[in-house]
Amino acid sequence: MSRLKAQFEALEAKGGKALIPYITAGDPNLDITLKLMHALVESGADAIEIGIPFSDPMADGPVIQKACERALASGTSLKKILAMISEFRKDDTSTPLVLMGYLNPLEAMGFQVFTDAAAKAGVDGVLTVDLPPEEAGRLAPMLQAADLDPIFLIAPTTQTARIRTAANNGGGYIYYVSLNGVTGSSKLDVESVRTHVEAIRKESALPVCVGFGIKDAVSARQVAAVSDGVIVGSALVNIIAEHAEQPEQMIEQVKGLMTSIRQALDDLSAQNR
């Protein structure tokens, strides 16, 4: 059983909600990223999305675009990210890790070479933002053969047929984008999220986690009430950017936000028992 499947089954058994933080690998450098990953787990992360920096992050807003720029400037590469994940696995063999990024770096490495290296490093899932499920016929089977979950994005405008394809070709969880726009957008319509999550659940048995627009404990709790979990990205990346020269303060601030969201989700779960 994959780490992601085991984690979501454990959460379902206790009525819990998943907290999945996103950080860009190498922002401001890979040594700090590794420390941040352990800090995220300590403060309640159920899984971690690790962004692969790319020069043209078309789905991301200014916050993560700049994080990619800083990471690339620090010399971050896909090979170095996988080496960092191997290092993380020396101390943590249970937290699911998802690589999130764009198709180009994977193609440049070669799909099979990447898949083998990711599995060996201890990756659990791969989310390629610009790879629709209908066009994943080469990569998805390779990932699945290596026990890696292909994870797909579903947007508010996604039609039923594509939801079904994403469910059939994917694993781990469905990443539901809560709004039409880029990462870091602020508008969040919880009732719209509820409606779309219910529609996704009619087509898929995978957990549905919601990202984009979740910035704090209040928004996280609202969204978790209508989904299986929340993904928090830009709010954390903002903290990292603000304290790039003060790593100890950065880590404490990140842990503070994470702890507050974790508590909100646990309070929600306790209320629903």
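Being a predicted model, the structure only gives us computed values, none of them experimental.
Judged purely by distance below 3.5 Å, without hydrogens or angles, the side chains of Glu242 and Asn238 never pair a donor atom with an acceptor atom.
Although no hydrogens or angles enter the test, the distance criterion places no donor-acceptor pair under 3.5 Å between the side chain of His243 and the main chain of Ile239. Not one N or O on the side chain of Glu135 forms a donor-acceptor pair closer than 3.5 Å with the backbone of Pro133. When atom types are taken as modelled, the side chain of Thr33 and the backbone of Asn29 share a donor-acceptor pair closer than 3.5 angstrom. Side chain of Asn168 to backbone of Arg164: a donor-acceptor contact under 3.5 angstrom is found. Although no hydrogens or angles enter the test, the distance criterion places a donor-acceptor pair under 3.5 Å between the side chain of Ser219 and the main chain of Asp216. No donor-acceptor pair closer than 3.5 Å links the side chain of Thr128 to the backbone N or O of Asp130. The main-chain N or O of Ile200 is never found under 3.5 Å from a side-chain atom of Ser204 such that the two would form a donor-acceptor pair.
Residues passing the side chain to side chain contact (heavy atoms under 4.5 Å, CB included) test with Ser77 are Lys79, Lys80, sequence neighbours excluded. Considering only residues two or more places apart in sequence or on other chains, Thr76 meets the side chain to side chain contact (heavy atoms under 4.5 Å, CB included) condition with Leu30, Pro53, Ala71, Ser74, Ile81.
Here the side chains of Leu139 and Leu103 are in contact, with some heavy-atom distance below 4.5 Å. The shortest side-chain heavy-atom distance between Ile151 and Leu4 falls under the 4.5 Å cut-off. Phe114 is listed as a side-chain neighbour of Leu99, based on a closest heavy-atom distance under 4.5 Å. Counting only heavy atoms from C-beta outward, the side chains of Asp124 and Val98 never approach each other to under 4.5 Å. Side-chain contact check for Asp46 versus Arg262: some heavy-atom pair is nearer than 4.5 Å. Between Asp92 and Ser94 the shortest side-chain heavy-atom distance falls below 4.5 Å. When side chains are defined from C-beta on, Ile23 counts as touching Met37, because their heavy atoms get closer than 4.5 Å. Side-chain contact between Leu106 and Val126 is present, with at least one heavy-atom pair separated by less than 4.5 Å.
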Inset, instruction - Let me see the working for Val123 and Leu82 under side chain to side chain contact (heavy atoms under 4.5 Å, CB included), right down to the final yes or no. - result: CA-CA 8 Å; Val123 174; Leu82 293 174; 4.1 Å; yes
Legend entry - side chain to side chain contact (heavy atoms under 4.5 Å, CB included) evaluation trace for Phe8 with Cys209: CA-CA 11 Å; Phe8 278 104; Cys209 295; 3.6 Å; yes
Inset, instruction - With side chain to side chain contact (heavy atoms under 4.5 Å, CB included) as the test, would you mind laying out the steps for Leu36 and Met250 before giving the verdict? - result: CA-CA 9 Å; Leu36 281 167; Met250 173 202 300; 3.9 Å; yes
Inset, instruction - Report the C-alpha separation of Tyr173 and Leu206 in whole Å, then their side-chain angles, then the decisive distance to 0.1 Å, and conclude whether the side chain to side chain contact (heavy atoms under 4.5 Å, CB included) test is met. - result: CA-CA 5 Å; Tyr173 55 94; Leu206 293 172; 5.5 Å; no
Inset, instruction - Please report the C-alpha distance between Gln263 and Asp267 in whole Å, then the side-chain angles of each, then the deciding distance to 0.1 Å, and finally whether the side chain to side chain donor-acceptor pair (under 3.5 Å) criterion is met. - result: CA-CA 6 Å; Gln263 186 61 57; Asp267 289 347; 2.7 Å; yes
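Interatomic distance, Thr95 OG1 to His38 NE2, rounded to the nearest 0.5 Å: 9.0 Å. In this structure, CG in Asp116 is found 13.5 Å from CZ in Phe111, a value given to the nearest 0.5 Å. The structure places CG of Leu127 at 8.5 Å from CZ of Phe152, a figure rounded to the nearest 0.5 Å. Going from atom OG of Ser227 over to atom CZ of Arg201 covers 7.0 Å, rounded to the nearest 0.5 Å. Annotation: the span from Asp266 atom CG to Arg221 atom CZ amounts to 10.5 Å, rounded to 0.5 Å. Here Tyr22 contributes atom OH and Met100 contributes atom CE; the two are 6.5 Å apart, rounded to the nearest 0.5 Å.
Closest approach of Leu236 to Pro21, counting heavy atoms only: CD1-CB, 3.4 Å. Listed here is the closest heavy atom pair of Ile214 and Val232: O-CG1, 3.8 Å. The two residues Val177 and Pro156 make their nearest non-hydrogen contact at O-CD, 3.2 Å. Contact detail for Val63 and Ser234: the closest heavy-atom pair is CG1-O, 3.8 Å.
Taking a cutoff of 4.0 Å between a charged side-chain nitrogen and a carboxylate oxygen, Lys90 and Glu87 qualify as a salt bridge. A salt bridge does not link Glu69 to Lys66: none of the charged nitrogens lies less than 4.0 Å from a carboxylate oxygen. The pair Lys5-Asp147 does not meet the salt-bridge criterion, since no charged nitrogen lies less than 4.0 angstrom from a carboxylate oxygen.
Under the 4.5 Å side-chain heavy-atom criterion for Ile, Leu, Val, Met, Phe, Trp and Tyr, Leu268 and Val223 are members of distinct hydrophobic clusters. Hydrophobic clustering, with ILVMFWY side chains joined whenever heavy atoms are under 4.5 angstrom apart, keeps Leu78 apart from Leu72. Both Leu131 and Val113 sit in one connected hydrophobic cluster of ILVMFWY residues. Membership requires side-chain heavy atoms under 4.5 Å apart, directly or through other members.
Sorted by first and then second residue, the salt bridge (charged side-chain N to carboxylate O under 4.0 Å, His left out) pairs involving residues 12-39 (not counting sequence neighbours) are Asp27-Arg70.
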